[in-house]
Amino acid sequence: MPTSEADRVPGCRAVRFAVVDPATGEIFDEAPGQPPDELDVVVDRAHRAWHGWRADPVARTSALRVAAGAVEAAGASLARLLTREQGKPLAESYAEVARAAARLRYFADLAPRTRRITDGRPVHSEIRWRPLGPVAAIVPWNFPLQLAAAKFAPALAAGNTMVLKPSPFTPLATRLLGSVLATALPEDVLTVVTGREPLGARLASHPGIRHVTFTGSVPTGRAVAEAAAASLARVTLELGGNDAAVLLDDVDVDRIADRLFWAAFRNCGQVCMAVKRVYAPAQLHAEVVEALAQRAKTVAIGAGLDSNTRLGPVNNAPQLARVEQVTKQALADGARAAAGGHRLDGPGYFFAPTILTDVPPGSPVVTKEQFGPVLPVLPYRSLDEAVDAANGTGFGLGGSVWGTDLDRAEAVADRLECGTAWINHHAELSLAQPFAGVKNSGVGVAGGPWGLYGNLRPFVVHRPQEA
(Lines give C-alpha, C1' and ligand atoms only; values in the text may rest on other atoms or scores of the structure.)
Protein backbone atom coordinates (compact mmCIF):
# COMPACT_ATOMS: atom_id res chain seq x y z
CA MET A 1 0.00 0.00 0.00
CA PRO A 2 1.42 3.46 -0.86
CA THR A 3 2.50 5.87 1.82
CA SER A 4 0.37 8.80 2.88
CA GLU A 5 1.36 12.01 4.61
CA ALA A 6 0.66 10.31 7.92
CA ASP A 7 3.19 7.61 7.04
CA ARG A 8 6.03 9.94 6.15
CA VAL A 9 5.89 12.93 8.52
CA PRO A 10 8.74 12.51 11.04
CA GLY A 11 7.37 11.79 14.50
CA CYS A 12 3.83 11.40 13.15
CA ARG A 13 1.52 9.69 15.65
CA ALA A 14 -0.63 7.96 13.04
CA VAL A 15 -3.18 5.50 14.41
CA ARG A 16 -4.37 2.98 11.89
CA PHE A 17 -8.09 2.35 11.43
CA ALA A 18 -10.01 -0.53 9.93
CA VAL A 19 -11.49 -0.64 6.42
CA VAL A 20 -14.47 -2.96 5.89
CA ASP A 21 -15.46 -4.85 2.75
CA PRO A 22 -19.20 -4.07 2.45
CA ALA A 23 -19.82 -7.31 0.56
CA THR A 24 -18.79 -9.32 3.64
CA GLY A 25 -19.08 -6.85 6.51
CA GLU A 26 -15.58 -7.87 7.57
CA ILE A 27 -12.34 -5.90 7.95
CA PHE A 28 -9.96 -6.53 5.07
CA ASP A 29 -7.31 -3.82 5.54
CA GLU A 30 -6.25 -0.76 7.50
CA ALA A 31 -5.36 2.84 6.70
CA PRO A 32 -3.29 5.37 8.65
CA GLY A 33 -5.05 8.13 10.53
CA GLN A 34 -3.45 11.54 10.10
CA PRO A 35 -3.24 13.27 13.50
CA PRO A 36 -5.33 16.45 13.06
CA ASP A 37 -2.88 18.53 15.10
CA GLU A 38 -0.14 17.77 12.55
CA LEU A 39 -2.00 19.22 9.57
CA ASP A 40 0.18 22.32 9.88
CA VAL A 41 3.09 20.35 8.39
CA VAL A 42 0.96 19.11 5.50
CA VAL A 43 -0.49 22.50 4.62
CA ASP A 44 2.88 24.21 4.93
CA ARG A 45 4.39 21.77 2.43
CA ALA A 46 1.49 22.36 0.08
CA HIS A 47 2.05 26.11 0.34
CA ARG A 48 5.76 25.79 -0.43
CA ALA A 49 5.04 23.52 -3.39
CA TRP A 50 2.49 26.04 -4.70
CA HIS A 51 5.12 28.65 -5.56
CA GLY A 52 6.80 26.42 -8.11
CA TRP A 53 3.63 24.76 -9.39
CA ARG A 54 1.81 28.00 -10.20
CA ALA A 55 4.80 29.51 -11.98
CA ASP A 56 4.90 27.27 -15.08
CA PRO A 57 1.58 26.63 -16.89
CA VAL A 58 3.28 24.65 -19.66
CA ALA A 59 4.85 22.27 -17.14
CA ARG A 60 1.50 21.91 -15.37
CA THR A 61 -0.24 20.91 -18.59
CA SER A 62 2.42 18.33 -19.35
CA ALA A 63 2.35 16.91 -15.82
CA LEU A 64 -1.43 16.56 -15.81
CA ARG A 65 -1.39 14.75 -19.14
CA VAL A 66 1.24 12.35 -17.82
CA ALA A 67 -0.86 11.91 -14.67
CA ALA A 68 -3.89 10.95 -16.77
CA GLY A 69 -1.87 8.25 -18.50
CA ALA A 70 -0.55 6.97 -15.17
CA VAL A 71 -4.09 6.62 -13.82
CA GLU A 72 -5.14 4.68 -16.90
CA ALA A 73 -2.11 2.41 -16.60
CA ALA A 74 -2.99 1.63 -12.98
CA GLY A 75 -6.65 1.10 -13.83
CA ALA A 76 -6.87 -2.58 -12.89
CA SER A 77 -5.33 -2.11 -9.44
CA LEU A 78 -7.38 0.99 -8.71
CA ALA A 79 -10.65 -0.57 -9.85
CA ARG A 80 -10.29 -3.77 -7.85
CA LEU A 81 -9.36 -1.89 -4.67
CA LEU A 82 -12.23 0.54 -5.19
CA THR A 83 -14.74 -2.30 -5.55
CA ARG A 84 -13.33 -4.02 -2.48
CA GLU A 85 -13.83 -1.03 -0.18
CA GLN A 86 -16.84 0.63 -1.83
CA GLY A 87 -18.83 -2.38 -3.02
CA LYS A 88 -19.84 -1.32 -6.54
CA PRO A 89 -19.57 -3.76 -9.46
CA LEU A 90 -16.09 -3.95 -10.96
CA ALA A 91 -17.26 -2.57 -14.32
CA GLU A 92 -18.49 0.56 -12.57
CA SER A 93 -15.15 0.91 -10.78
CA TYR A 94 -13.32 0.72 -14.11
CA ALA A 95 -15.65 3.43 -15.43
CA GLU A 96 -14.88 5.59 -12.40
CA VAL A 97 -11.13 5.26 -12.95
CA ALA A 98 -11.57 6.16 -16.62
CA ARG A 99 -13.60 9.21 -15.66
CA ALA A 100 -10.85 10.34 -13.28
CA ALA A 101 -8.26 10.11 -16.04
CA ALA A 102 -10.57 11.92 -18.47
CA ARG A 103 -10.98 14.82 -16.03
CA LEU A 104 -7.23 15.22 -15.73
CA ARG A 105 -6.86 15.27 -19.50
CA TYR A 106 -9.77 17.70 -19.98
CA PHE A 107 -8.53 20.25 -17.46
CA ALA A 108 -4.91 19.91 -18.58
CA ASP A 109 -5.99 21.47 -21.87
CA LEU A 110 -8.17 24.18 -20.32
CA ALA A 111 -6.63 27.58 -19.65
CA PRO A 112 -8.14 30.82 -18.33
CA ARG A 113 -8.55 33.61 -20.87
CA THR A 114 -7.04 37.04 -20.36
CA ARG A 115 -9.57 39.72 -21.22
CA ARG A 116 -9.08 43.38 -22.13
CA ILE A 117 -11.71 45.91 -21.09
CA THR A 118 -12.45 48.77 -23.48
CA ASP A 119 -14.56 51.46 -21.87
CA GLY A 120 -13.48 54.70 -23.59
CA ARG A 121 -10.84 55.72 -21.05
CA PRO A 122 -7.20 56.29 -22.02
CA VAL A 123 -6.23 53.17 -20.06
CA HIS A 124 -5.58 49.57 -21.02
CA SER A 125 -7.40 47.42 -18.44
CA GLU A 126 -6.61 43.73 -18.51
CA ILE A 127 -8.18 40.94 -16.45
CA ARG A 128 -5.75 38.16 -15.67
CA TRP A 129 -6.27 35.11 -13.45
CA ARG A 130 -4.28 33.90 -10.47
CA PRO A 131 -4.53 30.67 -8.44
CA LEU A 132 -5.75 30.79 -4.86
CA GLY A 133 -3.13 28.72 -3.04
CA PRO A 134 -3.52 25.44 -1.16
CA VAL A 135 -7.00 23.94 -1.62
CA ALA A 136 -8.69 21.37 0.61
CA ALA A 137 -10.98 18.70 -0.85
CA ILE A 138 -13.21 16.50 1.30
CA VAL A 139 -14.69 13.60 -0.65
CA PRO A 140 -17.47 11.09 0.21
CA TRP A 141 -17.56 7.32 -0.12
CA ASN A 142 -19.95 6.82 -3.06
CA PHE A 143 -17.56 7.88 -5.88
CA PRO A 144 -14.21 8.34 -4.13
CA LEU A 145 -11.96 8.55 -7.19
CA GLN A 146 -14.32 10.30 -9.58
CA LEU A 147 -15.24 13.03 -7.08
CA ALA A 148 -11.63 13.43 -6.00
CA ALA A 149 -10.64 14.02 -9.62
CA ALA A 150 -13.54 16.42 -10.07
CA LYS A 151 -11.88 18.51 -7.37
CA PHE A 152 -8.15 18.10 -7.91
CA ALA A 153 -8.13 18.26 -11.72
CA PRO A 154 -9.45 21.84 -12.01
CA ALA A 155 -7.64 22.97 -8.87
CA LEU A 156 -4.26 21.72 -10.06
CA ALA A 157 -4.83 22.93 -13.63
CA ALA A 158 -5.51 26.41 -12.22
CA GLY A 159 -2.13 26.37 -10.45
CA ASN A 160 -3.23 25.49 -6.91
CA THR A 161 -1.95 22.68 -4.74
CA MET A 162 -4.31 20.36 -2.86
CA VAL A 163 -4.74 18.45 0.38
CA LEU A 164 -7.28 15.68 -0.29
CA LYS A 165 -9.20 13.83 2.42
CA PRO A 166 -11.32 10.83 1.40
CA SER A 167 -14.05 9.29 3.53
CA PRO A 168 -12.77 6.93 6.24
CA PHE A 169 -15.07 4.29 4.69
CA THR A 170 -13.11 4.41 1.39
CA PRO A 171 -9.55 5.61 2.01
CA LEU A 172 -7.51 2.93 0.27
CA ALA A 173 -8.19 3.49 -3.44
CA THR A 174 -7.70 7.23 -2.94
CA ARG A 175 -4.36 6.63 -1.24
CA LEU A 176 -3.34 4.41 -4.15
CA LEU A 177 -4.49 7.10 -6.59
CA GLY A 178 -2.35 9.64 -4.73
CA SER A 179 0.64 7.33 -5.04
CA VAL A 180 0.01 6.92 -8.78
CA LEU A 181 -0.27 10.68 -9.28
CA ALA A 182 2.94 11.24 -7.31
CA THR A 183 4.84 9.64 -10.19
CA ALA A 184 3.74 12.51 -12.45
CA LEU A 185 3.38 15.51 -10.13
CA PRO A 186 6.01 17.42 -8.15
CA GLU A 187 6.24 16.57 -4.47
CA ASP A 188 3.49 17.99 -2.22
CA VAL A 189 1.40 19.32 -5.09
CA LEU A 190 -1.26 16.73 -4.14
CA THR A 191 -1.28 15.19 -0.68
CA VAL A 192 -3.76 12.55 0.50
CA VAL A 193 -4.55 12.51 4.21
CA THR A 194 -6.75 9.82 5.73
CA GLY A 195 -8.48 9.54 9.07
CA ARG A 196 -11.61 9.99 11.06
CA GLU A 197 -13.05 13.17 12.51
CA PRO A 198 -12.03 15.75 13.57
CA LEU A 199 -9.57 15.55 10.67
CA GLY A 200 -12.03 16.97 8.12
CA ALA A 201 -13.13 19.78 10.42
CA ARG A 202 -9.54 20.75 11.16
CA LEU A 203 -8.68 20.72 7.46
CA ALA A 204 -11.67 22.88 6.53
CA SER A 205 -10.82 25.45 9.21
CA HIS A 206 -7.06 25.53 8.63
CA PRO A 207 -5.89 29.13 8.11
CA GLY A 208 -3.49 28.09 5.34
CA ILE A 209 -6.30 26.69 3.15
CA ARG A 210 -7.74 29.20 0.68
CA HIS A 211 -10.57 27.14 -0.85
CA VAL A 212 -12.54 24.24 0.62
CA THR A 213 -14.43 22.02 -1.80
CA PHE A 214 -16.75 19.42 -0.30
CA THR A 215 -19.23 16.81 -1.49
CA GLY A 216 -21.58 15.22 1.01
CA SER A 217 -24.65 15.73 3.13
CA VAL A 218 -26.38 19.04 3.81
CA PRO A 219 -25.66 19.07 7.58
CA THR A 220 -21.97 18.31 7.06
CA GLY A 221 -21.82 20.91 4.29
CA ARG A 222 -23.12 23.55 6.67
CA ALA A 223 -20.46 22.54 9.20
CA VAL A 224 -17.75 22.77 6.53
CA ALA A 225 -18.94 26.25 5.51
CA GLU A 226 -18.87 27.39 9.14
CA ALA A 227 -15.37 26.00 9.61
CA ALA A 228 -14.05 27.64 6.43
CA ALA A 229 -15.59 30.98 7.44
CA ALA A 230 -13.05 31.27 10.25
CA SER A 231 -10.32 32.04 7.68
CA LEU A 232 -12.69 33.49 5.03
CA ALA A 233 -11.76 30.66 2.68
CA ARG A 234 -13.83 30.19 -0.45
CA VAL A 235 -16.20 27.21 -0.37
CA THR A 236 -17.71 25.01 -3.06
CA LEU A 237 -20.35 22.66 -1.67
CA GLU A 238 -22.00 19.87 -3.68
CA LEU A 239 -24.62 18.63 -1.24
CA GLY A 240 -27.53 16.23 -1.17
CA GLY A 241 -30.14 15.61 -3.79
CA ASN A 242 -33.68 14.26 -3.89
CA ASP A 243 -34.15 14.22 -7.65
CA ALA A 244 -37.65 13.73 -9.02
CA ALA A 245 -38.52 12.03 -12.29
CA VAL A 246 -41.81 13.27 -13.74
CA LEU A 247 -43.42 10.89 -16.23
CA LEU A 248 -45.85 12.46 -18.70
CA ASP A 249 -49.07 10.83 -19.85
CA ASP A 250 -47.61 10.04 -23.30
CA VAL A 251 -44.60 8.15 -21.91
CA ASP A 252 -43.83 4.71 -23.34
CA VAL A 253 -43.31 2.78 -20.09
CA ASP A 254 -41.73 -0.30 -21.66
CA ARG A 255 -39.29 1.83 -23.60
CA ILE A 256 -38.02 3.88 -20.68
CA ALA A 257 -38.27 1.36 -17.82
CA ASP A 258 -34.66 0.14 -17.97
CA ARG A 259 -33.24 3.65 -18.16
CA LEU A 260 -35.46 4.83 -15.33
CA PHE A 261 -34.59 1.84 -13.14
CA TRP A 262 -30.84 2.35 -13.50
CA ALA A 263 -31.17 6.11 -13.07
CA ALA A 264 -32.42 5.24 -9.59
CA PHE A 265 -30.41 2.12 -8.69
CA ARG A 266 -26.93 2.59 -10.18
CA ASN A 267 -24.29 2.26 -7.46
CA CYS A 268 -27.05 0.79 -5.26
CA GLY A 269 -28.86 4.15 -5.32
CA GLN A 270 -25.88 5.85 -3.68
CA VAL A 271 -25.67 8.71 -6.16
CA CYS A 272 -26.39 12.31 -5.19
CA MET A 273 -28.20 12.94 -8.48
CA ALA A 274 -29.95 9.59 -8.75
CA VAL A 275 -33.70 9.49 -9.31
CA LYS A 276 -35.08 9.26 -5.77
CA ARG A 277 -38.79 9.88 -6.46
CA VAL A 278 -40.96 9.00 -9.45
CA TYR A 279 -44.20 10.85 -10.23
CA ALA A 280 -46.40 8.92 -12.66
CA PRO A 281 -49.83 9.80 -14.12
CA ALA A 282 -52.54 8.03 -12.12
CA GLN A 283 -53.66 6.03 -15.16
CA LEU A 284 -50.10 4.73 -15.72
CA HIS A 285 -49.06 4.36 -12.10
CA ALA A 286 -49.71 0.62 -11.77
CA GLU A 287 -47.90 -0.10 -15.04
CA VAL A 288 -44.86 1.92 -13.94
CA VAL A 289 -44.76 0.20 -10.54
CA GLU A 290 -44.96 -3.23 -12.16
CA ALA A 291 -42.24 -2.50 -14.71
CA LEU A 292 -39.83 -1.23 -12.05
CA ALA A 293 -40.70 -3.98 -9.58
CA GLN A 294 -40.06 -6.67 -12.17
CA ARG A 295 -36.54 -5.32 -12.69
CA ALA A 296 -35.93 -4.99 -8.97
CA LYS A 297 -36.92 -8.61 -8.40
CA THR A 298 -34.67 -10.00 -11.13
CA VAL A 299 -31.51 -7.88 -10.99
CA ALA A 300 -28.34 -9.80 -10.09
CA ILE A 301 -27.21 -8.80 -6.57
CA GLY A 302 -23.87 -9.73 -5.08
CA ALA A 303 -20.25 -8.85 -4.40
CA GLY A 304 -18.84 -6.34 -6.84
CA LEU A 305 -15.92 -8.60 -7.76
CA ASP A 306 -18.36 -11.21 -9.08
CA SER A 307 -18.64 -10.65 -12.84
CA ASN A 308 -22.36 -11.47 -12.77
CA THR A 309 -23.22 -8.74 -10.26
CA ARG A 310 -25.23 -5.74 -11.41
CA LEU A 311 -26.09 -4.35 -7.96
CA GLY A 312 -23.68 -4.41 -5.04
CA PRO A 313 -24.11 -3.75 -1.31
CA VAL A 314 -24.77 -0.52 0.54
CA ASN A 315 -21.35 0.85 1.41
CA ASN A 316 -21.42 0.95 5.21
CA ALA A 317 -23.37 -0.14 8.28
CA PRO A 318 -24.67 3.33 9.28
CA GLN A 319 -26.04 3.93 5.79
CA LEU A 320 -27.62 0.49 5.69
CA ALA A 321 -29.34 1.29 8.99
CA ARG A 322 -30.63 4.56 7.54
CA VAL A 323 -32.01 2.85 4.42
CA GLU A 324 -33.69 0.22 6.57
CA GLN A 325 -35.15 2.86 8.88
CA VAL A 326 -36.71 5.06 6.17
CA THR A 327 -38.16 1.97 4.48
CA LYS A 328 -39.69 0.66 7.70
CA GLN A 329 -41.11 4.13 8.36
CA ALA A 330 -42.71 4.26 4.91
CA LEU A 331 -44.27 0.80 5.40
CA ALA A 332 -45.53 1.84 8.82
CA ASP A 333 -47.03 4.96 7.20
CA GLY A 334 -49.09 2.74 4.90
CA ALA A 335 -46.80 2.18 1.93
CA ARG A 336 -46.60 -1.19 0.20
CA ALA A 337 -43.41 -2.81 -1.12
CA ALA A 338 -44.04 -3.97 -4.69
CA ALA A 339 -40.50 -5.36 -4.54
CA GLY A 340 -37.96 -5.69 -1.75
CA GLY A 341 -38.49 -3.72 1.44
CA HIS A 342 -35.98 -5.58 3.61
CA ARG A 343 -32.36 -6.47 4.24
CA LEU A 344 -31.05 -9.58 2.57
CA ASP A 345 -30.06 -12.56 4.71
CA GLY A 346 -26.37 -13.40 4.91
CA PRO A 347 -23.15 -11.46 5.36
CA GLY A 348 -22.52 -7.99 4.03
CA TYR A 349 -24.57 -4.81 3.80
CA PHE A 350 -27.13 -5.92 1.25
CA PHE A 351 -30.62 -4.45 0.98
CA ALA A 352 -33.16 -5.79 -1.49
CA PRO A 353 -33.85 -3.28 -4.30
CA THR A 354 -37.17 -1.80 -3.24
CA ILE A 355 -40.08 -0.27 -5.13
CA LEU A 356 -42.64 1.42 -2.89
CA THR A 357 -46.21 2.29 -3.80
CA ASP A 358 -49.08 3.86 -1.82
CA VAL A 359 -46.50 6.07 -0.12
CA PRO A 360 -47.83 9.06 1.83
CA PRO A 361 -46.26 12.20 0.28
CA GLY A 362 -45.00 13.36 3.66
CA SER A 363 -43.10 10.15 4.42
CA PRO A 364 -39.33 10.69 4.93
CA VAL A 365 -38.57 8.35 1.99
CA VAL A 366 -40.19 11.04 -0.19
CA THR A 367 -39.15 14.25 1.56
CA LYS A 368 -35.59 13.28 2.56
CA GLU A 369 -32.65 11.74 0.71
CA GLN A 370 -32.69 7.97 1.27
CA PHE A 371 -29.39 7.40 -0.62
CA GLY A 372 -29.90 3.70 -1.15
CA PRO A 373 -31.77 1.09 -3.23
CA VAL A 374 -35.28 2.32 -2.40
CA LEU A 375 -37.60 4.15 -4.80
CA PRO A 376 -41.09 5.51 -4.09
CA VAL A 377 -43.48 5.79 -7.07
CA LEU A 378 -46.24 8.34 -6.52
CA PRO A 379 -49.35 8.97 -8.68
CA TYR A 380 -50.51 12.41 -9.78
CA ARG A 381 -53.77 13.70 -11.26
CA SER A 382 -52.59 16.93 -12.90
CA LEU A 383 -49.24 18.06 -14.29
CA ASP A 384 -49.25 21.14 -12.05
CA GLU A 385 -49.62 18.81 -9.07
CA ALA A 386 -46.62 16.76 -10.22
CA VAL A 387 -44.40 19.80 -10.77
CA ASP A 388 -45.35 21.27 -7.40
CA ALA A 389 -44.53 17.96 -5.70
CA ALA A 390 -41.22 17.64 -7.57
CA ASN A 391 -40.26 21.15 -6.41
CA GLY A 392 -41.67 20.66 -2.92
CA THR A 393 -38.52 19.72 -1.00
CA GLY A 394 -35.52 21.70 0.18
CA PHE A 395 -33.34 20.00 -2.45
CA GLY A 396 -32.61 21.16 -5.99
CA LEU A 397 -29.78 19.16 -7.52
CA GLY A 398 -31.32 17.54 -10.60
CA GLY A 399 -34.58 16.37 -12.10
CA SER A 400 -35.93 14.74 -15.23
CA VAL A 401 -39.03 14.58 -17.42
CA TRP A 402 -39.97 11.49 -19.43
CA GLY A 403 -42.34 11.49 -22.41
CA THR A 404 -42.77 11.13 -26.17
CA ASP A 405 -43.43 14.78 -27.04
CA LEU A 406 -39.96 16.28 -26.49
CA ASP A 407 -41.10 19.90 -26.78
CA ARG A 408 -43.72 19.36 -24.13
CA ALA A 409 -41.24 17.51 -21.94
CA GLU A 410 -38.75 20.35 -22.25
CA ALA A 411 -41.42 22.88 -21.26
CA VAL A 412 -42.08 20.86 -18.11
CA ALA A 413 -38.36 20.47 -17.41
CA ASP A 414 -38.00 24.23 -17.55
CA ARG A 415 -40.34 24.46 -14.56
CA LEU A 416 -38.19 22.24 -12.31
CA GLU A 417 -36.28 24.00 -9.54
CA CYS A 418 -32.91 22.32 -9.91
CA GLY A 419 -29.45 22.81 -11.34
CA THR A 420 -29.72 20.25 -14.17
CA ALA A 421 -32.80 18.84 -15.90
CA TRP A 422 -32.72 15.86 -18.24
CA ILE A 423 -35.30 14.63 -20.73
CA ASN A 424 -35.75 10.86 -21.11
CA HIS A 425 -32.56 10.15 -19.23
CA HIS A 426 -31.01 11.18 -15.92
CA ALA A 427 -27.67 11.81 -14.20
CA GLU A 428 -25.56 11.96 -17.35
CA LEU A 429 -22.96 14.73 -17.30
CA SER A 430 -20.42 16.08 -19.77
CA LEU A 431 -17.01 17.15 -18.52
CA ALA A 432 -17.61 20.47 -20.28
CA GLN A 433 -20.85 21.42 -18.55
CA PRO A 434 -21.44 23.23 -15.25
CA PHE A 435 -22.78 21.22 -12.34
CA ALA A 436 -24.50 23.03 -9.49
CA GLY A 437 -27.52 22.72 -7.26
CA VAL A 438 -30.04 25.20 -5.92
CA LYS A 439 -31.67 25.55 -2.50
CA ASN A 440 -29.99 23.13 -0.04
CA SER A 441 -28.21 21.19 -2.76
CA GLY A 442 -25.11 23.31 -2.99
CA VAL A 443 -23.05 26.47 -3.23
CA GLY A 444 -20.74 27.23 -6.16
CA VAL A 445 -20.24 25.52 -9.49
CA ALA A 446 -18.16 22.53 -10.58
CA GLY A 447 -17.42 21.21 -14.05
CA GLY A 448 -16.19 22.68 -17.30
CA PRO A 449 -14.62 26.15 -17.46
CA TRP A 450 -16.76 27.13 -14.47
CA GLY A 451 -14.90 24.58 -12.36
CA LEU A 452 -11.58 26.03 -13.48
CA TYR A 453 -12.54 29.64 -12.74
CA GLY A 454 -13.87 28.56 -9.35
CA ASN A 455 -10.24 27.85 -8.45
CA LEU A 456 -8.93 31.22 -9.65
CA ARG A 457 -9.26 34.86 -8.66
CA PRO A 458 -9.27 37.83 -11.02
CA PHE A 459 -6.27 40.15 -11.07
CA VAL A 460 -6.68 43.46 -12.93
CA VAL A 461 -3.83 45.50 -14.38
CA HIS A 462 -4.39 49.12 -15.48
CA ARG A 463 -1.80 50.67 -17.81
CA PRO A 464 -1.93 54.14 -19.38
CA GLN A 465 -2.08 54.23 -23.14
CA GLU A 466 1.08 55.44 -24.87
CA ALA A 467 1.05 59.13 -25.87
Side-chain angles (χ1 to χ4, degrees), residues 1-20 27-50 81 85-86 133-141 144-145 147-148 151-152 155-156 160-182 185-217 219-233 235 315-318:
M1 184 60 61
T3 59
S4 74
E5 185 65 30
D7 293 322
R8 63 185 175 87
V9 173
C12 182
R13 306 186 308 279
V15 177
R16 302 186 75 82
F17 61 95
V19 182
V20 173
I27 296 170
F28 80 98
D29 207 338
E30 293 181 331
Q34 171 73 47
D37 59 356
E38 295 185 3
L39 278 176
D40 288 349
V41 176
V42 178
V43 176
D44 180 65
R45 288 180 171 179
H47 189 271
R48 284 186 277 125
W50 175 53
L81 187 55
E85 67 177 352
Q86 202 283 331
V135 173
I138 302 173
V139 179
W141 44 259
L145 304 188
L147 289 173
K151 299 181 185 307
F152 65 63
L156 299 184
N160 303 293
T161 54
M162 175 168 281
V163 180
L164 169 63
K165 191 198 90 67
S167 165
F169 291 114
T170 54
L172 301 177
T174 307
R175 291 184 65 236
L176 178 57
L177 178 64
S179 183
V180 170
L181 294 173
L185 304 176
E187 188 174 13
D188 298 319
V189 164
L190 174 68
T191 305
V192 177
V193 295
T194 55
R196 303 186 184 279
E197 287 304 317
L199 180 61
R202 293 280 184 88
L203 181 59
S205 63
H206 196 284
I209 295 295
R210 302 315 313 146
H211 179 199
V212 182
T213 172
F214 167 81
T215 298
S217 71
T220 306
R222 289 195 178 105
V224 167
E226 290 174 4
S231 59
L232 297 179
V235 293
N315 173 256
N316 57 78

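Considering only heavy atoms from C-beta on, Leu172 stays 4.5 Å or farther from Leu176 through its side chain. Taking 4.5 Å as the limit, every side-chain heavy atom of Pro134 sits out of range of all side-chain heavy atoms of Val163. Contact check for Leu145 versus Thr174: side-chain heavy atoms found under the 4.5 Å cut-off. Looking at heavy atoms from C-beta onward, Ser231 lies in side-chain contact with Arg210 at the 4.5 angstrom threshold.
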Legend entry - Stepwise side-chain contact (heavy atoms from CB on, under 4.5 Å) test for Asp29 and Glu85: CA-CA 9 Å; Asp29 207 338; Glu85 67 177 352; over 6 Å; no
Inset, instruction - Please assess His211 against Asn160 for the test side-chain contact (heavy atoms from CB on, under 4.5 Å), listing each intermediate value before the final yes or no. - result: CA-CA 10 Å; His211 179 199; Asn160 303 293; over 6 Å; no
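When all heavy atoms are compared, the tightest approach of Val192 to Gly178 is CG2-CA, 3.9 Å. Contact detail for Phe214 and Lys151: the closest heavy-atom pair is C-NZ, 3.7 Å. Scanning both residues, Ala148 and Leu164, for their nearest heavy atoms gives CB-CD2, 3.9 Å. Among all heavy-atom pairs drawn from Ala233 and Ile209, the shortest one is CB-O, 3.5 Å. Of all heavy-atom pairs spanning Pro140 and Ser167, the tightest one is C-CB, 3.9 Å. Gly195 approaches Pro168 most closely through the heavy-atom pair O-CB, 3.9 Å.
Side chain of Thr161 to backbone of Ala46: a donor-acceptor contact under 3.5 angstrom is found. A distance-only check finds no donor-acceptor pair linking the side chain of Glu38 to the backbone of Val41 [under 3.5 Å]. Here the side chain of Thr194 pairs a donor or acceptor atom with the backbone of Pro32 at under 3.5 angstrom.
Taking CZ from Phe152 and CG from Leu185, the interatomic distance works out to 8.5 Å, rounded to the nearest 0.5 Å. One distance of note links OG1 of Thr220 with CD1 of Ile138; it measures 9.5 Å at 0.5 Å rounding. With rounding to the nearest 0.5 angstrom, the CG atom of Asn316 is 4.0 Å from the CZ atom of Phe169. The structure places CG of Leu203 at 8.5 Å from NZ of Lys165, a figure rounded to the nearest 0.5 Å.
For the 3.5 Å distance criterion, the side chains of His47 and Asp188 fail to qualify, holding no donor opposite an acceptor.
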